[in-house]
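Inspection log for the structure reproduced underneath, given as structure tokens.
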Number of protein chains: 2
Amino acid sequence: MTQVRNRRPTSPKQAAACCRPIDDRLDPGLFKALSDPTRVLLLACLAKCGRPSTVSEVAECCAVDLSVVSRHLALLADAGVLDARKEGRTVWYHVRYEEISQRLRALADAIEECVQTRARRSAGGTGCCPKTR
Amino acid sequence: MTQVRNRRPTSPKQAAACCRPIDDRLDPGLFKALSDPTRVLLLACLAKCGRPSTVSEVAECCAVDLSVVSRHLALLADAGVLDARKEGRTVWYHVRYEEISQRLRALADAIEECVQTRARRSAGGTGCCPKTR
DNA sequence: CGTATACTTGCATTATGACGCAAGTACGAA
DNA sequence: TTCGTACTTGCGTCATAATGCAAGTATACG
């Protein structure tokens, strides 16, 4: 494939060979965690409540089985959305507010960077690095 | 269920009855669109390329069938991530940079609002409205 | 008109994931 | 050590969705 280094890619195919902040920030893992309605409902309840809550407490928010809630919360924690702290037999989950908002803002920045790159690039920008993954 | 109006919810269950900006901004539809690796790859290529591209062009970015790419792009357009413009037999897709970054920032704001609410609330805040959906 | 191009749609296959139930684990209390 | 609480895990079922191929539609071009 033609390597493009110091020019903006002129086609999507060329763009595929370029790495930009958006490549790291556009993480399907995070979005997969937020793509299920039940999970999002649980997350919203936790977020609005504001304090760490147990699995049982969160399970009262909706009609699904406790085991389902347990799995959803564990998945959200895996994705970096929640933080889990075990205390005896109870587990306290709380929202990683800063983590989430920072990741979202970083992605927003990365997306806007793609627009601004055109101007910067033509003025002698940072170039397009080869894709390494 | 106990309705909580002018206090911060003290449990996730109470929180479920409260509506906040996060309820509207945490839209599973958007995240579902961004949860598939192939779709994210196509989106990144389009974003980095910067100009509107055709289905065929985008399809050169990865090894999946053209029909698959066609479906992915249509889905991303449905989710508000891409904009589609038909011109003769070709369809030009381009990234809605502003739309996406604004939605992400709005969600980041809504998440942080959940943290700040505690202080505002105890000083006589806006209250907790009943859930209407 | 016929043909090529650009994309979409139907359909079957396969993979992934959500869910509930039941059983299991871990911990605390009596 | 026995029981109850809090959660996790195994497993079967069902629904959703990703994919490729083939056929279909729409448009341009000669």
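Predicted model only: the values in this text are computed from it and were never measured. In the text below, chain A, chain B and the rest are named by the order of the sequence lines, each starting its count at 1. Both backbone and side-chain heavy atoms feed into the values below; hydrogens, waters and symmetry mates do not.
Two residues, A/Thr90 and A/Arg71, neighbour DNA chain D, and the one matched to the more 5' nucleotide by heavy-atom proximity is A/Thr90. Residue whose closest nucleotide on DNA chain C sits further toward the 5' end, between A/Thr38 and B/Trp92: B/Trp92. When each of A/Lys86 and A/Val68 is assigned the nucleotide of DNA chain C bearing its nearest heavy atom, the one mapping closer to the 5' terminus is A/Val68.
A salt bridge between B/Arg105 and A/Glu112 is present, with a side-chain N of the basic residue lying under 4.0 Å from a carboxylate O of the acidic one. Salt bridge status for A/Arg25 with A/Asp109: absent, with no side-chain N to carboxylate O gap under 4.0 Å. The pair A/Asp27-A/Arg103 meets the salt-bridge criterion, with a side-chain N (NZ, NE, NH1 or NH2) lying under 4.0 Å from an Asp/Glu carboxylate O. Using a 4.0 Å cut-off between charged nitrogen and carboxylate oxygen, A/Arg51 and A/Glu57 count as a salt-bridge pair.
Comparing D/dG20, D/dT8, C/dT8 by their nearest atom to the side chain of B/Val55 picks out C/dT8. Proximity note for A/Leu66 (side chain, C-beta onward) versus D/dC7, D/dT19, C/dT8: the nearest is D/dC7.
Taking atom CG on B/Leu75 and atom P on D/dT16, their separation rounds to 15 Å, with Å as the unit. Rounded to whole angstrom, the span from the CG atom of A/Leu73 across to the P atom of C/dC19 amounts to 12 Å. Following rounding to the nearest Å, B/Asp36 (CG) and D/dT16 (C1') show an atom-to-atom distance of 13 Å. Taking atom CG of residue A/Asp65 and atom P of nucleotide D/dG12, one finds them 18 Å apart after rounding to whole Å. Separating the CZ atom of B/Arg39 from the C1' atom of D/dT19 is a distance of 12 Å, rounded to the nearest angstrom. What separates CG of B/Leu76 from P of C/dT8 is a distance of 13 Å, to the nearest Å. One interatomic measurement links the two molecules: CZ of B/Arg85 to P of C/dC7, which rounds to 12 Å at whole-angstrom precision.
Panel note: side chain B/Tyr93, backbone B/Leu43; no donor-acceptor pair is recorded below 3.5 Å. In terms of modelled atom types and a separation under 3.5 Å, the side chain of B/Asp23 and the main chain of B/Arg20 share a donor-acceptor contact. Judged by distance alone, the side chain of A/Lys13 and the main-chain N or O of B/Glu60 form no donor-acceptor pair under 3.5 Å.
Where the helix from C/dC1-D/dG30 to C/dA30-D/dT1 starts and where it ends, the local axes point in directions that differ by 20°; five pairs per end, rounded to 10°.
Contact annotation: A/Lys32 reaches the phosphate of C/dG17 (side-chain N/O to OP1 or OP2, under 4.0 Å). Remark: A/His72 is not in phosphate contact with C/dG17, judged by side-chain N or O atoms under 4.0 Å from OP1 or OP2. Remark: B/Ser67 is not in phosphate contact with D/dT19, judged by side-chain N or O atoms under 4.0 Å from OP1 or OP2.
Looking at heavy atoms from C-beta onward, B/Cys114 lies in side-chain contact with B/Ile22 at the 4.5 angstrom threshold. Between B/Cys62 and B/Leu42, the closest side-chain pair of non-hydrogen atoms falls below 4.5 Å.
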Please table the atom pairs, donor to acceptor, closer than 3.5 Å between any side-chain atom in residues 70-86 of chain A and protein atoms at least two apart or in another chain.
from	atom 1	to	atom 2	distance (Å)
A/His72	ND1	A/Arg39	NH1	3.3
A/Arg85	NH1	A/Glu87	OE2	3.0

For nucleotides 28-30 of chain C, list the nitrogen or oxygen atoms of the protein found under 3.5 Å from its nitrogen or oxygen atoms, one pair per line.
none

